[in-house]
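Scope of the values below: all heavy atoms of this structure, side chains included, with no hydrogens, waters or symmetry mates.
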Amino acid sequence: AGNNGVTVASVTDASFVTIDLTGPTLTSVHIESNNYHASNRANAGDVITVTLIASESIVKPTVSIAGQASSVSGSGTTWSAVYTVNAAQVDSGVQAGLSIVFADVAGNNGKTVTTVTDSSAVTIDLAAPNIVVTVKSDNAQGSARANHGDTITATITASEPIVSPNVTIAGQTATVSGSGTTWTAT
């Protein structure tokens, strides 16, 4: 009939639409291991965790750790991904890489993230260290002999940093000192 309608400039209820054309970013990405001795090292069975914080709410991201799929949990802007190190799946002696694919709730993709935002890192270490032990005593007749009252000293050199070893000399618990790759037990 050619009748003009009324121009409407607002909704009749409380609904609204937000136009979001900007992809999210990750403002914080951190990686660590639950290794008992060092959170920057992981052995078979250790759990590597990546925690991330986004600039806005995102949908569940896809995270790979050390090239393996991880289990992801969280919501909104805060998420965690975990991977339990399986020696058959990863290489030893390398840093655990990561890849985070994510998008905001409007469907805008963020740029895939492959680095942390801090100095955190986890090295996967599946190989036992090589140990060289030299033993000598302070016996006046020669360092290869020991008698009552003599002190026997074991010098331990490892191929990589190790935790304080437990040492027994002649059936007695030794006193151990040192750090990293060089230790002495008496």
Side-chain angles (χ1 to χ4, degrees), residues 20 22-133 154 156-168 173-185:
D20 179 359
T22 304
T25 60
L26 299 184
T27 58
S28 176
V29 178
H30 177 82
I31 189 170
E32 66 181 21
S33 165
N34 72 340
N35 182 282
Y36 178 75
H37 299 290
S39 64
N40 65 343
R41 305 204 59 88
N43 198 345
D46 287 344
V47 176
I48 300 174
T49 302
V50 172
T51 54
L52 58 105
I53 298 174
S55 59
E56 60 181 290
S57 290
I58 60 174
V59 295
K60 185 176 181 179
T62 300
V63 181
S64 68
I65 301 171
Q68 305 301 313
S70 64
S71 174
V72 179
S73 63
S75 64
T77 60
T78 305
W79 296 83
S80 292
V82 296
Y83 166 69
T84 302
V85 177
N86 179 333
Q89 295 177 330
V90 296
D91 293 325
S92 183
V94 297
Q95 270 194 359
L98 61 97
S99 174
I100 306 167
V101 178
F102 61 105
D104 65 18
V105 295
N108 298 307
N109 292 326
K111 183 178 176 187
T112 299
V113 171
T114 58
T115 59
V116 297
T117 58
D118 57 15
S119 62
S120 62
V122 173
T123 299
I124 297 173
D125 185 357
L126 305 174
N130 293 315
I131 305 289
V132 175
V133 179
I156 302 159
T157 305
S159 61
E160 63 181 280
I162 61 173
V163 297
S164 180
N166 295 319
V167 180
T168 302
T173 300
T175 301
V176 178
S177 62
S179 65
T181 60
T182 306
W183 297 82
T184 302

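Put simply, the side chain of Glu56 never gets that close to the backbone of Asp104: no donor and acceptor are under 3.5 Å apart. In terms of modelled atom types and a separation under 3.5 Å, the side chain of Thr27 and the main chain of Ile53 share a donor-acceptor contact. Of the possible donor and acceptor atoms, none in the side chain of Ser120 sits under 3.5 Å from a partner among the backbone N and O of His30. A donor-acceptor pair is defined here as one N or O able to donate and one able to accept, closer than 3.5 Å; such a pair exists between the side chain of Ser70 and the backbone of Val63. Thr117 contributes a side-chain N or O that, together with a main-chain N or O of Val29, makes up a donor-acceptor pair within less than 3.5 Å.
The two residues Leu98 and Val116 make their nearest non-hydrogen contact at CD2-CG1, 3.9 Å. Counting all heavy atoms, side chain and backbone alike, Asn34 lies closest to Val47 at OD1-N, 2.7 Å. Across all non-hydrogen atoms, the minimal contact from Trp79 to Lys60 is CH2-CA, 3.5 Å. Considering every non-hydrogen atom in both Val133 and Ile131, the closest pair reads CG2-CG2, 3.7 Å. The two atoms that bring Thr123 and Gly93 nearest to each other are CG2-C, 4.2 Å, heavy atoms only. Shortest non-hydrogen contact noted between Phe102 and Val113 is CE2-CG2, 3.8 Å.
Considering OG of Ser33 and CD1 of Ile48, their distance stands at 6.0 Å, rounded to 0.5 Å. Rounding to the nearest 0.5 Å gives a distance of 10.5 Å between OG1 of Thr77 and CG of Leu26. Atom-to-atom distance recorded for Ile100:CD1 and Leu52:CG is 5.0 Å, nearest 0.5 angstrom. Expressed to the nearest 0.5 Å, how far CG of Asn108 lies from CD1 of Ile58 amounts to 12.5 Å. Asn130 CG to Thr181 OG1: the interatomic distance, rounded to the nearest 0.5 Å, is 12.5 Å.
Judged as a salt bridge (charged side-chain N to carboxylate O under 4.0 Å, His left out), the pairs with a partner in residues 24-49 (not counting sequence neighbours) are, in order, Arg41-Asp125, Arg41-Glu160.
No more than 12 heavy-atom neighbours from other residues, nucleotides or ligands sit within 6.0 angstrom of CG on Asn166.
You'll find the side chain of Leu126 reaches within 4.5 Å of the side chain of Asn43, heavy atoms only. Between Val176 and Ile156, the closest side-chain pair of non-hydrogen atoms is not below 4.5 Å. Using a 4.5 Å heavy-atom cutoff, the side chains of Trp183 and Ile162 are in contact. When side chains are defined from C-beta on, Thr62 does not count as touching Val72, because their heavy atoms never get closer than 4.5 Å. Looking only at side-chain heavy atoms (C-beta outward), Thr51 and Ser28 stay at 4.5 Å or farther from each other.
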Apply the test side chain to side chain donor-acceptor pair (under 3.5 Å) to residues Ser80 and Thr49: give CA-CA distance (whole Å), side-chain angles for both, the deciding distance (0.1 Å), then the verdict. CA-CA 7 Å; Ser80 292; Thr49 302; over 6 Å; no
